[in-house]
Amino acid sequence: MERVFTECAVVHIVVRTLDGTAPCPDCECPSNRVHSCYQRRLADTPVGDQPVRIELTVRRLYCDNARCERRTFVEQVAGLTFRYGRRTPASRRTLEAVAVALAGRAGALLAVVLHSAVSRTTLLRLPMALPDPSWEVPKVLGVGDFATRRGQHYGTVFIDCETRKPLGLLPGRDAETLATWLREHPGIEVICRDRAGSYAEGARVGALQAVQGADRFHLWQNLGTAVEQCVRQHTRCLQPPCSDPGDLPDIEVLPTSA
């Protein structure tokens with residue numbers, strides 16, 4: 001590959017592929033018969049606090065396999081290009097890390113500092129294209145609900161309480177939905193859930209051997225709700241505030257023992 005570097009505000013790299021064979025993406029049959037050439041423009045990670053742009057000339061080749069449905073294909077450079085990509089894999093991995101950590105607007109602001117200006121919608125699409133991480137059935141499972149539309153549509157989220165990593169989402173929060181998921185993932189020893197009756201029934205049916213409990217968040221939430229209800233029941237016991245300091249009742253001060 002030939003490279004030409006130019007000194008300017010943006011580092012431009014002009015490069016072309018050399019003659020040789022390239023495999024077809026469908027049948028993997030090698031070919032060197034050229035159909036045409038065209039130029040691709042790729043954004044790479046910055047070098048010396050300068051953005052890098054790669055102008056790569058690639059070949060479109062014929063597929064000589066008569067059984068393959070693809071007639072022509074574009075060669076890919078390992079570690080530099082992928083199909084329909086306008087960035088190098090290194091630049092894409094950097095933006096994926098930014099998107100996972102900061103998501104939309106905040107990630108777009110940081111990307112400008114990294115000389116990889118992208119829109120917030122692009123950063124939101126990058127994590128959605130990532131494959132789901134592999135995970136094992138946890139010993140301690142956290143079960144909670146979330147709202148896609150508050151008051152109308154709810155779902156269930158599963159968390160590994162030991163690693164604090166999300167495991168999956170379910171479209172409902174009824175007992176049968178939870179019980180079916182637990183049957184498909186045996187081996188759970190403890191289920192940490194809120195005090196909803198549907199989750200209690202689903203955990204009992206789907207994982208009878210598991211111990212059910214509540215985490216600190218739900219305990220504090222239930223305690224706060226109970227205190228609020230108790231105060232509301234005794235609001236009549238509260239006297240209205242006195243506007244005149246002279247109307248304050250006399251308070252008898254008891255002598256303290258020496």
Side-chain angles (χ1 to χ4, degrees), residues 1-17 22 24-26 35-61 70 72-135 144-160 163-172:
M1 301 177 70
E2 301 177 358
R3 299 187 179 184
V4 178
F5 297 88
T6 59
E7 296 181 0
C8 57
V10 179
V11 179
H12 288 277
I13 302 177
V14 181
V15 58
R16 63 178 295 272
T17 58
C24 173
D26 289 349
H35 173 275
S36 59
C37 297
Y38 75 97
Q39 190 177 73
R40 298 182 61 176
R41 292 177 174 83
L42 306 172
D44 198 7
T45 53
V47 174
D49 200 29
Q50 297 295 333
V52 176
R53 299 293 181 268
I54 301 176
E55 297 181 0
L56 172 64
T57 301
V58 294
R59 301 172 299 165
R60 178 178 291 276
L61 304 174
R70 184 182 296 272
T72 63
F73 63 93
V74 177
E75 61 181 343
Q76 303 295 335
V77 181
L80 186 63
T81 65
F82 53 90
R83 294 185 65 188
Y84 307 113
R86 297 184 178 181
R87 298 182 178 274
T88 62
S91 177
R92 185 182 179 89
R93 287 193 298 268
T94 301
L95 292 178
E96 287 174 349
V98 172
V100 170
L102 299 176
R105 296 184 184 276
L109 294 176
L110 179 59
V112 174
V113 180
L114 299 176
H115 300 290
S116 300
V118 292
S119 65
R120 61 182 181 86
T121 54
T122 299
L123 286 180
L124 293 177
R125 287 195 298 267
L126 288 176
M128 297 177 63
L130 292 174
D132 293 335
S134 59
W135 52 272
D145 59 357
F146 68 96
T148 55
R149 188 172 183 181
R150 188 173 181 85
Q152 298 186 19
H153 303 292
Y154 287 88
T156 300
V157 57
F158 298 104
I159 303 293
D160 187 340
T163 62
R164 299 184 179 181
K165 292 182 179 180
L167 304 180
L169 301 173
L170 293 181

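Please read all numbers here as calculations on a predicted model, not as lab measurements. Numbering starts at 1 and runs along the sequence shown.
For the residue pair Ala22 and Phe73, the shortest heavy atom distance occurs at O-CZ, 3.5 Å. In this structure, Trp135 and Leu167 approach most closely via the heavy-atom pair NE1-O, 3.4 Å. Leu42 and Arg87 get closest at one heavy-atom pair: CD2-N, 4.2 Å. Between Pro51 and Ala9, the shortest heavy-atom distance links the atoms CD-O, 3.7 Å. Closest approach of Leu124 to Gly104, counting heavy atoms only: CD2-N, 3.9 Å. The two atoms that bring Ala147 and Tyr154 nearest to each other are CB-CE2, 3.6 Å, heavy atoms only.
Atom CG of Leu56 sits about 8.0 Å away from atom CD of Gln39, to the nearest 0.5 Å.
Among residues two or more places apart in sequence or in another chain, the side chain to side chain donor-acceptor pair (under 3.5 Å) test is passed with Thr163 by Asp160. Applying the side chain to side chain donor-acceptor pair (under 3.5 Å) rule to Arg164 yields no partners; only residues at least two apart in sequence or on another chain are considered. Scanning for salt bridge (charged side-chain N to carboxylate O under 4.0 Å, His left out) contacts around Arg40 gives an empty result, with sequence neighbours left out. Under the side-chain contact (heavy atoms from CB on, under 4.5 Å) criterion, Leu169 pairs with Phe146, Val157, sequence neighbours left out. For the side chain to side chain donor-acceptor pair (under 3.5 Å) test, residues two or more places apart in sequence or in another chain that qualify with Thr122 are Ser119, Arg125. Not counting sequence neighbours, the partners of Glu96 by the salt bridge (charged side-chain N to carboxylate O under 4.0 Å, His left out) test are Arg92. With sequence neighbours excluded, the residues satisfying side chain to side chain donor-acceptor pair (under 3.5 Å) with Thr88 are Asp44. Listed by chain and number, the residues in a ring pair (Phe, Tyr, Trp, His ring centres under 6.0 Å) with His153 amount to none (sequence neighbours excluded). Evaluation of the salt bridge (charged side-chain N to carboxylate O under 4.0 Å, His left out) rule for Arg59 yields Glu75 as partners, not counting sequence neighbours. Listed by chain and residue number, Ile159 satisfy the side-chain contact (heavy atoms from CB on, under 4.5 Å) test with Pro166 (two or more places apart in sequence, or in another chain).
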Full working for side-chain contact (heavy atoms from CB on, under 4.5 Å) between Val58 and Tyr38: CA-CA 6 Å; Val58 294; Tyr38 75 97; 3.9 Å; yes
Exercise answer: donor-acceptor pairs, residues 79-86 side-chain atoms, under 3.5 Å, sequence neighbours excluded:
| unit_1 | atom_1 | unit_2 | atom_2 | d |
| --- | --- | --- | --- | --- |
| Thr81 | OG1 | Gln76 | OE1 | 2.9 |
| Thr81 | OG1 | Val77 | N | 2.8 |
| Thr81 | OG1 | Val77 | O | 3.4 |

Ignoring hydrogens and angles, write down the donor-acceptor pairs under 3.5 Å from the side chains of residues 108-117, residues two or more places apart or on other chains.
| unit_1 | atom_1 | unit_2 | atom_2 | d |
| --- | --- | --- | --- | --- |
| His115 | NE2 | Asp49 | O | 3.2 |
| His115 | NE2 | Asp49 | OD1 | 2.9 |
| Ser116 | OG | Leu114 | O | 3.4 |

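The number of heavy-atom neighbours closer than 6.0 Å to CZ of Arg53, taken from other residues, nucleotides and ligands shown, is above 12.
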